[in-house]
S.K.: 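Structure provided below as structure tokens; questions to follow.
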Amino acid sequence: MKKRVAQIFKEHLGENPPINKPKQKEFGHYAVPIFKYAKENKQNPVEFAKNLCEKVKCDEFESVEAVGGFVNIKLSDKFLNDFANRVIKEKKDFGKGSGKEKILLEYVSANPTGPLHIGHARGAIFGDSLARIGRHIGYDITTEYYVNDAGRQINLLGLSVYLGAREILGLDVVWPDEYYRGEYIKDLANEAIEEFGEDYFKNPVEILEKEGKKEAKFEDEKLSLWAKDKMLEEIKKDLEALNIVPFDNWVSERSLYKYWDEVRSILEKNGALYEKDGKIWLKSSEYKDEKDRVVVREDGRPTYLAGDIIYHWDKFKREYDRYINIWGADHHGYIARVKAAIKFLGFDPDKLEILLSQMVKLLKGGEPYKMSKRAGNFILVRDVVEDVGADALRFVFLTKKADTHLEFDVDDLNKKDSSNPSYYVNYAHARICSIFDNAKKSYDDMLEIEFKDLNEDEKDLLFLALQLPYVLEDAFSNREPHRLTNFLIDLASEFHSFYNKNKVLGSEKEDIRLKILAVVGIILNLGLSLLGIEAKERM
RNA sequence: CUCCCGGUAGCUCAGUUGGAUAGAGCGUCGGAUUCCUAAUCCGAAGGUCGUGGGUUCAAAUCCCGCCCGGGAGACCA
């Protein structure tokens, strides 16, 4: 819609002018500021606007007016009718595009050492909605979860389960300083006893004192990997509870290490590595990193960074137009070194976009919750979902920008009133469904209706609903799905207001108003589904 | 010390890429239901957009300095 308007102005101004939304509805649907053009032509802005009005008048605009330095435009009924018919015909396909960039989107990638906590949920919901929106408007998106199934934390998981099992069996246990706590370890330990038998746990774990810290000597890959697989199943369940579209790929860190020699030789060939103090370092400081990083330890084992380098090498070999990673904000220090590595591998680091999802501060009854993965007192996704439902949680997360700190009280999400925006938007949708039920009509019946003599309220509501495609483009290209959420809240608000002011059924404009509501209903439904929320037909 | 994020109404946050009188929800106060779902609506009060400069017809928005809050800075993953 906007494009068409810009086109008309271009004929007279020589370029596409900015097309703005007027601050006040009375000014019309679109406003074009002409200050810049007036200056170029050395004319008074007010005069210039008046002259321009005469030039751009046509049947697609109901009115064109000059107010101050702006040209304000109102669209005609016919213009709006055409777009409304498209919405009603296409329904959930409205605004669908195709043939855009091929994108690899990696998100969540939480360590498989415990269930998802509320911080993970934010990244998960953010990535999922981004993928849904992007796919709708025509991006070819592959979603991926990187599983850190190698290294110390997996060993620690196995150890925790082993010790947990011994405790359950009444055997003596010496706890080291580091191990995973929490209820889920106890559950896992119980399962492990069933799976492996009691005898499996009869040997005590040796504890070594090292620099004043108690460290466990534990090497049981079989149990560790078993526990990891169990945790992955839990994580999948948590993701499902959040209504996350299943990931296309699960990439295992462990499975990638076999390529290390190959990747290492590429790095060496490109002069990225050097040896110092018996370790091998990456010259990441040549590319904006603060200092060089170790990739191989003295004992010859590659570090976590090495794993990440292999992973990104693998990603870039798969040839996407763009790579998007969603990381927790606490990982921002890794951006520079990973990008440096990509550069050293001979790929273009600008193709990798790293989005950070900031911390969530959870309150309950005004009291802060401290989250920690190691200690057992973090907030589990499943608890919150059970408490308030996935829809409400998704909605709250998606009303805010992902890269800003967010604070909210779980108690607020339990309220089933307008303080809970997901109810507010759903209620609007349910009301529309109810009106159509009462009218015994379907959305498709509305295609026969032609708009005429639309009043301001009707036009405003319809016009707002028709902004959806523009909002989707905007939300995706800025990687800000919250723009869609806020749009839906606005639309619901506009509808509720309309509803209270204007009778639909039984009025002489019943048909026309029903048609407008059909458009609003479809847009609300579509918008919610792109946020991963099921629109309710009844409340 | 370096880097990242933020500072907008009492609280939680938007602000469509630089436009007209600064926005919403919650909270406070006052109203609306013989009628399509009151889980809703209408109205009022509430602001030096952290601060100082710069850029221009125009700055909450862009640039620089400073102040305050949060986070990150591993041979951990």
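Side chains included, hydrogens not; waters and symmetry mates left out as well; all remaining heavy atoms used. Keep in mind that this is a model prediction, so the values were computed, not measured. A note on names: the letters A, B, ... follow the listed sequences, proteins ahead of strands, and every chain is numbered from 1.
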S.K.: Could you check whether A:Y499 gets within reach of a base, just the sugar-phosphate, or nothing at all, counting any heavy atom under 4.0 Å?
M.R.: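 The residue A:Y499 makes base contact.
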S.K.: Can you check whether A:R337 has a side-chain N or O nearer than 4.0 Å to OP1 or OP2 of B:G73?
M.R.: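 It does not, given that no N or O in the side chain of A:R337 lies less than 4.0 Å from OP1 or OP2 of B:G73.
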S.K.: Does A:H332 contact B:C5 through a side-chain donor or acceptor facing the base, at a distance under 3.5 Å?
M.R.: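 Under the 3.5 Å cut-off, the side chain and the base do not form any donor-acceptor pair.
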S.K.: Looking across every strand, which nucleic acid part, if any, lies under 4.0 Å from A:H496 by heavy atom: base, sugar-phosphate, or nothing?
M.R.: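 Sugar-phosphate contact only - A:H496 comes under 4.0 Å of backbone atoms but never of a base.
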S.K.: Kindly say if A:R293 contacts the phosphate of B:C76, meaning a side-chain N or O under 4.0 Å from OP1 or OP2.
M.R.: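 No, outside the criterion.
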S.K.: When you look at NZ of A:K509, are more than 12 heavy atoms from neighbouring residues, nucleotides or ligands closer to it than 6.0 Å?
M.R.: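 Yes, the 6.0 Å shell around NZ holds more than 12 heavy atoms from other groups.
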S.K.: Using whole Å, report how far CG of A:D292 lies from P of B:G73.
M.R.: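 That distance rounds to 18 Å.
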S.K.: Rounded off to whole Å, could you give me the CG-to-P distance for the A:L461 and B:C36 pair?
M.R.: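 Nearest whole value for this atom pair: 20 Å.
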S.K.: Could you state the CG-P distance from A:L355 to B:C5, rounded to the nearest angstrom?
M.R.: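 Checked: the CG to P distance equals 12 Å.
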S.K.: Distance check needed: B:C36 P versus A:F495 CZ, whole Å only.
M.R.: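 Going from A:F495 (CZ) to B:C36 (P), I get 13 Å.
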S.K.: Considering residues, nucleotides and ligands other than A:E537, do more than 12 of their heavy atoms fall under 6.0 Å from its CD?
M.R.: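 For A:E537, atom CD is not crowded (no more than 12 foreign heavy atoms under 6.0 Å).
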S.K.: Nearest to the side chain of A:R431, heavy atoms from C-beta on, is which of B:G6, B:C4, B:A38?
M.R.: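 Closest nucleotide among those given: B:A38.
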S.K.: Touch check for A:S434, heavy atoms < 4.0 angstrom, all strands: base, sugar-phosphate only, or nothing?
M.R.: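 If one applies the 4.0 Å heavy-atom cut-off, A:S434 turns out to touch a base.
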S.K.: Which listed nucleotide (B:G15, B:C36, B:C41) is nearest to the side chain of A:V504?
M.R.: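 Between B:G15, B:C36, B:C41, the one nearest the side chain of A:V504 would be B:C36.
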S.K.: Can you tell me if the side-chain N/O atoms of A:S422 get under 4.0 Å from OP1 or OP2 in B:A39?
M.R.: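 No, outside the criterion.
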S.K.: Could you tell me whether A:A336 contacts a base, only the sugar-phosphate backbone, or nothing, with contacts defined as non-hydrogen atoms closer than 4.0 Å?
M.R.: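 Since no nucleic acid heavy atom lies under 4.0 Å of A:A336, the category is nothing.
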S.K.: At under 4.0 Å, does any side-chain N or O of A:K291 touch on OP1 or OP2 of B:U2?
M.R.: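 False: A:K291 side-chain N/O out of range (4.0 Å or more) of B:U2 OP1/OP2.
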S.K.: Mind calculating the distance between NZ (A:K440) and C1' (B:C36) to the nearest angstrom?
M.R.: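 These atoms are roughly 12 Å apart.
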S.K.: Under 4.0 Å between any heavy atoms, over every strand shown, what does A:D289 touch: base, sugar-phosphate, or nothing? Just pick one.
M.R.: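 It contacts nothing in the nucleic acid.
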S.K.: Quick one: A:F395 CZ to B:A14 P, roughly how many Å, whole number?
M.R.: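 Answer to the nearest Å: 14 Å.
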S.K.: Are OP1 or OP2 of B:U37 and a side-chain N or O of A:N438 less than 4.0 angstrom apart?
M.R.: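 Indeed, a polar side-chain atom of A:N438 lies that close.
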S.K.: One thing to verify: whether A:R264 and A:E268 come together as a salt bridge, which I'm taking to mean a side-chain N less than 4.0 angstrom from a carboxylate O.
M.R.: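 Yes, charged N to carboxylate O under 4.0 Å.
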S.K.: To the nearest Å, how far apart are A:N155 CG and B:C76 C1'?
M.R.: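 Going from A:N155 (CG) to B:C76 (C1'), I get 13 Å.
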S.K.: Looking across every strand, which nucleic acid part, if any, lies under 4.0 Å from A:K501 by heavy atom: base, sugar-phosphate, or nothing?
M.R.: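 Result for A:K501 = nothing.
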S.K.: Taking pairing as Watson-Crick or G-U wobble with both contacts under 3.5 Å, can you name the mate of B:A59, or confirm there isn't one?
M.R.: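 Its partner: none found.
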S.K.: Scan A:H482 against the nucleic acid and name what it touches under 4.0 Å (heavy atoms): base, sugar-phosphate only, or nothing.
M.R.: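 Sugar-phosphate, no base atom in range.
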S.K.: Are there over 12 heavy-atom neighbours, none belonging to A:Y259, within less than 6.0 Å of that residue's OH?
M.R.: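 No, the 6.0 Å shell around OH holds no more than 12 heavy atoms from other groups.
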S.K.: Under 4.0 Å between a side-chain nitrogen and a carboxylate oxygen: does that hold for A:E480 and A:K401?
M.R.: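 Salt bridge: no.
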S.K.: Looking at A:T399, I'd like to know whether one of its side-chain N or O atoms comes within less than 4.0 Å of OP1 or OP2 on B:G25.
M.R.: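 No, because none of the side-chain N or O atoms of A:T399 sits under 4.0 Å from OP1 or OP2 of B:G25.
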S.K.: Do the side chains of A:R293 and A:D308 get close enough for a salt bridge, i.e. N-O under 4.0 angstrom?
M.R.: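 Between A:D308 and A:R293 there is no salt bridge, as every charged N stays at least 4.0 Å from the carboxylate O atoms.
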S.K.: Phosphate oxygens OP1/OP2 of B:A39: is one of them under 4.0 Å from a side-chain N or O of A:Y423?
M.R.: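 Answer no for this pair, as no side-chain N or O of A:Y423 is under 4.0 Å from OP1 or OP2.
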S.K.: Expressed as a whole number of angstroms, how long is the span from A:N502:CG to B:A32:P?
M.R.: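 Taking CG of A:N502 and P of B:A32, I get 21 Å after rounding.
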S.K.: NA contact type, A:I489, heavy-atom cut-off 4.0 Å: base, sugar-phosphate, or nothing?
M.R.: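 Since no nucleic acid heavy atom lies under 4.0 Å of A:I489, the category is nothing.
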S.K.: Are there over 12 heavy-atom neighbours, none belonging to A:E286, within less than 6.0 Å of that residue's CD?
M.R.: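 Yes - once you tally the heavy atoms of other residues, nucleotides and ligands closer than 6.0 Å, there are more than 12.
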